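Given the structure is predicted, the values throughout are model-derived calculations rather than measurements. FYI, side chains are in, hydrogens and waters are out, and symmetry mates aren't considered; it's all heavy atoms of this structure. In each ligand, atom 1 is the first atom listed, and ligand 1 is the first ligand listed.
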Amino acid sequence: MQIVILADAELIAKYGADLIQKQISAKPCSVLGLATGSTPVALYGELIEANRSGALSFHSVSTFNLDEYLGLEGSHPQSYRHFMNEHLFNHIDIDIHNTAVPPGNAVNPIDACRDYEASIEAKGGIDIQLLGIGRNGHIGFNEPSSGLSSRTRVKTLTQATIADNARFFSEGEFQPHLSMTMGIGTIMDSRKVVLLATGASKADAIKATVEGPLTASCPASALQMHRDAVLVLDEAAAAKLSGREFYKHTERENQKLLAQLGI
Ligand code: GLP
């Protein structure tokens, strides 16, 4: 794992956006894996800005989102499809037909999950997968106890996740308890993973992800086995890491080496 600890959320957004921008420059028809939640919103702002300034085009890019609530139409204001349209797709030059979010309104969600996996494969797999993390270490909606080789499927949300996400729903509004999510195996198949985490509420999950055992009790710990996973953290999210100073030192050394090589 590459662990990058930065001073604030703005630097994290810029760092993450830069990785995506480099990916698209190297391969204009890149396949991006995208995430929802509040953490990536600023990064999406950076991508929109780069697109507006002409520095970045999404013309040939395809995207697959991690997850969706089961039972919500894409037009529902709390659906992740709506979230992605509002926070990214409506503001960039992407072909909306090349953007995929698991269909939360599918008549047969089991078939739909299988089809989602097949569409990712048909595009040649995900080049770079963006992730946030839940306080309990979930990635996508892979809650603790999720199989470490799991594929896209229907998952039941924990009470903790339902409570964390209740802030997006108004009082009395239907809040789904089920989701469709890429599996941990699906995420692990992506060629690069970039996980963003900010704030003290994520410190325990980050500690378990980086320095805990590889265990389904902390789904993000599976990233210990990923060949190219970058964790971009602020000081608060990194606060419980015992190896914090070593990770910072390692990152300075990495940067020096890249500068020497002119990369
Ligand atoms: C939801 C999403 C996750 C996201 C998590 C954290 O549960 N399914 O993909 O990582 O929320 O969200 P936030 O970034 O708002 O803390």
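In this structure, CZ in Phe58 is found 7.5 Å from CD1 in Ile20, a value given to the nearest 0.5 Å. Rounded to the nearest 0.5 angstrom, His138 NE2 and Asp164 CG are separated by 7.5 Å. Rounding to the nearest 0.5 Å places CE of Met188 at 10.5 Å from OG of Ser150.
Scanning the protein for heavy atoms near atom 4 (C) of ligand 1, the closest one is Thr36 O, 4.1 Å. Given atom 3 (C) of ligand 1, the protein heavy atom at minimum distance is Gly140 O, 3.6 Å. When hydrogens are left out, the protein atom nearest atom 16 (O) of ligand 1 is Lys202 NZ, 2.6 Å; that is the closest non-hydrogen contact. Taking atom 8 (N) of ligand 1 as the reference point, the nearest protein heavy-atom neighbour is Asp67 OD2, 2.7 Å. Taking atom 5 (C) of ligand 1 as the reference point, the nearest protein heavy-atom neighbour is His138 NE2, 3.7 Å.
Under 4.0 angstrom from ligand 1, the non-hydrogen atoms of Thr39 come from both its backbone and its side chain. Contact annotation: for Tyr80 versus ligand 1, heavy atoms closer than 4.0 Å belong to the side chain alone.
Glu68 places no side-chain N or O within 3.5 Å of a backbone atom of Thr181 that could act as its donor or acceptor partner.
Under a 4.0 angstrom heavy-atom cut-off, Arg135 registers as lying outside contact with ligand 1. Heavy atoms of Ala35 come nearer than 4.0 angstrom to ligand 1 in no pair at all. Arg167 counts as a contact of ligand 1, since one of its heavy atoms falls under 4.0 Å from the ligand.
Using a 4.5 Å heavy-atom cutoff, the side chains of Asp67 and Val101 are not in contact. Residues Phe141 and Thr158 are not in side-chain contact: their nearest non-hydrogen atoms beyond the backbone lie 4.5 Å or more apart.
Aromatic ring orientation, Tyr80 versus Phe83: perpendicular (interplanar angle above 60°, classes split at 30° and 60°).
Considering backbone and side-chain N/O atoms, Ile133 comes within less than 3.5 Å of an N/O atom of ligand 1.
Heavy-atom proximity to Asn165, at under 4.0 Å, picks out these atoms of ligand 1: 1 (C), 7 (O).
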Check step by step if side chain to side chain donor-acceptor pair (under 3.5 Å) holds for Glu211 and Ser242. CA-CA 8 Å; Glu211 295 176 346; Ser242 355; 3.0 Å; yes
One pair to check against ring-ring contact (aromatic ring centres under 6.0 Å, His included): Phe174 and Phe169. What are the steps and the verdict? CA-CA 8 Å; Phe174 165 65; Phe169 293 82; 8.0 Å; no
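Distances from atom 10 (O) of ligand 1 to the heavy atoms of Ala220, Pro40, Gly132, Gly37 show the closest one on Gly132.
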